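Working notes for the structure below.
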Amino acid sequence: MSHLNFDTEISSLMKLDAPTSGPAMRWQRKASEVPGCNTSMNRSLNKSLNKSLNASTSSPMKASNRSFHSKTPSKNKTPGKSSRSRTPGKSSKTPSKTPTRGDRFIPNRSATNYELSSFMLTNTVTADPDAELVQSPSKLEYQKLMSDNLNGNQLSSRILSYKNKPPTGPEGFQNNLKVLYSQNKTPGSSRKTIRHIPQAPERILDAPEILDDYYLNLIDWSCHNHLAVSLANNVYLWNAGNGEIKQLMQLENPEDYIGSVSWIKEGNYLAIGTSSGDVQLWDVESSRRLRNMSGHAARVGALSWNAYILSSGSRTGTIHHHDVRVPDHHVGTLAGHTQEVCGLKWSPDGRYLASGANDNLLNIWQPNVNTALHTFSQHQAAVKALAWCPWQSSVLASGGGTADRHIRFWNVSSGACLSSVDTKSQVCALLWSKEHRELLSAHGYAQNQLIVWKYPTMTRIAELLGHTSRILHMAMSPDGSTVVSAAADETLRLWKCFARDSVSKKAAEKGVLGGDRKGGAGSLKMRQSIR
């Protein structure tokens with residue numbers, strides 16, 4: 001009986017597919033654990049399992065041989081005579097050839113320039129995202145041309161190439177489809193080109209001893225084409241038509257200095273603010289002082305005219321209104337700043353007065369009202385640069401100092417900030433061009449350049465370089481074509497940045513447009529000294 005038991009154990013071990021007495025299989029455990037399992041599926045699985053168990057039980061060795069030799073052809077059977085065997089030559093599963101077109105996800109090494117790809121990757125990582133905003137359009141265009149001439153179209157290629165480049169056509173070959181796909185392009189003759197802006201100044205004037213003070217306003221251009229320049233304690237007048245220079249006045253005390261100058265709209269009187277707090281009114285034709293208006297306790301650094309009312313801002317933060325027609329000139333005081341007033345501008349229609357000071361505030365005032373209509377505190381530095389839009393009377397542009405560096409646009413009617421742009425440099429002065437609807441900004445630390453902006457997109461059109469120190473002041477000629485800039489490098493530079501087009505120039509020659517034609521700033525090319 002013992003040897004029968006041994007044979008039974010041997011046969012049970014040889015039944016590899018038969019169920020054992022060990023733990024249940026994983027699919028059986030899952031089927032028993034899930035309560036909502038489909039019963040019909042379980043029954044079909046059980047039936048198939050029973051069939052396989054019965055077949056393995058009847059002939060375990062044959063089943064094992066079948067599993068081992070199912071894919072190997074038998075020696076006693078010829079492949080050609082067997083009905084079930086397949087001819088190797090006619091097999092449906094033939095090895096495929098190597099693809100010649102390449103995989104779209106695997107780059108082609110023969111078509112990839114690894115040195116160029118490495119340069120493009122490193123250049124993208126190390127590139128400054130604000131570099132294009134700081135550089136001038138002319139410099140960017142020069143860099144682009146140099147890159148195209150030296151590198152061709154390599155820098156515009158892909159870093160990884162997934163297919164070979166198409167072969168170049170034979171010499172003289174012309175693609176017929178080129179006409180089809182290029183006929184809708186705008187012809188070069190009809191494209192609007194950017195107007196030419198000279199990059200060099202038309203004239204350079206020496207201005208020795210001009211004060212390097214951000215809070216003063218030392219130049220102004222009259223409607224009669226006379227430029228008033230303050231040098232230390234002197235005021236000089238330069239005739240832009242004939243180049244004549246004359247000294248208008250000099251302060252008696254050598255320790256005093258001029259803080260601001262401003263022409264009346266008619267151009268025959270000049271207001272001068274001094275470091276002692278006085279405001280003087282001078283007749284230019286007779287070179288005679290008409291009156292001396294006192295009242296400020298500190299220097300007067302900003303002046304602005306509104307018809308016969310002269311507004312003056314001092315270091316104490318107060319603004320005085322002077323009526324130059326009456327003996328008792330002081331007619332109003334505005335106290336809206338706690339530090340020195342460095343920017344003061346009346347709107348062209350006389351409805352608003354904008355004042356900026358070293359307390360980082362910008363106030364909007366109305367005539368005969370002692371409280372500010374709006375107070376803007378968005379600037380993070382002193383607000384000196386102020387300019388009213390000539391074609392939108394309620395739009396004001398303001399510029400902040402070194403800690404702010406922003407140009408902001410305001411709607412003084414609603415008190416809303418329309419937009420702002422970061423110039424990356426100290427904003428010292430702003431001027432509008434009515435002819436081209438552009439804005440010119442003068443900058444100090446750290447770029448020392450003038451930038452022409454297209455309004456309202458505020459895209460850079462040109463950048464004017466030449467000053468070696470910060471640009472402190474700007475003034476525009478009566479015809480609006482020339483701008484003079486005064487910098488701490490003791491030079492005045494005249495820029496022909498707003499030249500009129502041919503239509504406006506012909507109209508001006510016929511007398512349709514106002515302005516003195518013989519007051520061109522480019523009449524003399526030589527270097528001249530104001531003093």
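Scope of the values below: all heavy atoms of this structure, side chains included, with no hydrogens, waters or symmetry mates. Nothing here was measured: the structure is a model prediction, and the numbers come from that model.
None of Thr375, Leu353, Leu396 except one satisfies the side chain to side chain contact (heavy atoms under 4.5 Å, CB included) rule with Ile364; the exception is Leu396.
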| request: Output, in order, the C-alpha distance, side-chain angles, deciding distance and verdict of ring pair (Phe, Tyr, Trp, His ring centres under 6.0 Å) for Trp432 and Tyr455. | output: CA-CA 10 Å; Trp432 290 94; Tyr455 184 81; 5.0 Å; yes

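Shortest non-hydrogen contact noted between Thr402 and Tyr445 is OG1-CD1, 4.3 Å. Considering all non-hydrogen atoms of both residues, Leu218 and Ser260 come closest at CD2-N, 4.3 Å.
Classification of Arg493 and Glu202 as a salt-bridged pair fails, no side-chain N sitting under 4.0 Å from a carboxylate O. Here Asp212 pairs with Arg470 in a salt bridge; the nearest charged N to carboxylate O distance falls below 4.0 Å.
A donor-acceptor pair shorter than 3.5 Å can be found between the side chains of His467 and Asp489. Ser398 and His379 share a donor-acceptor pair across their side chains, judged by distance under 3.5 Å alone. Side chains of Ser355 and His337: a donor on one and an acceptor on the other come within 3.5 Å.
Side chain of Asn217 to main chain of Gly301: a donor-acceptor pair is present (N/O by atom type, distance under 3.5 Å, no hydrogens or angles).
Rounding to the nearest 0.5 Å places CG of Asp404 at 6.5 Å from NE2 of His406. Between Leu216 atom CG and Ile210 atom CD1 the span is 9.5 Å, to the nearest 0.5 Å.
Trp388 and Tyr352 have parallel rings, their planes meeting at less than 30° on a 0 to 90° scale where 60° marks the start of perpendicular.
Geometric assessment of Arg325 against the ring of Tyr308 yields a positive cation-pi assignment under the 6.0 Å and 45° thresholds. No cation-pi contact links Lys384 to Tyr215, judged by a cut-off of 6.0 Å to the six-membered ring centre and 45° from its axis.
Not counting sequence neighbours, the partners of Phe376 by the ring-ring contact (aromatic ring centres under 6.0 Å, His included) test are His374, Trp410.
Here the two rings, on His330 and His320, have centers that are under 6.0 Å apart.
Counting non-hydrogen atoms of neighbouring residues, nucleotides and ligands closer than 6.0 angstrom, the NZ atom of Lys454 exceeds 12 such neighbours. Enclosure of atom CG in Asn253 by more than 12 non-hydrogen atoms of other residues, nucleotides or ligands within 6.0 angstrom is indicated.
Between Trp453 and Ile451, some side-chain heavy-atom pair lies under the 4.5 Å cut-off.
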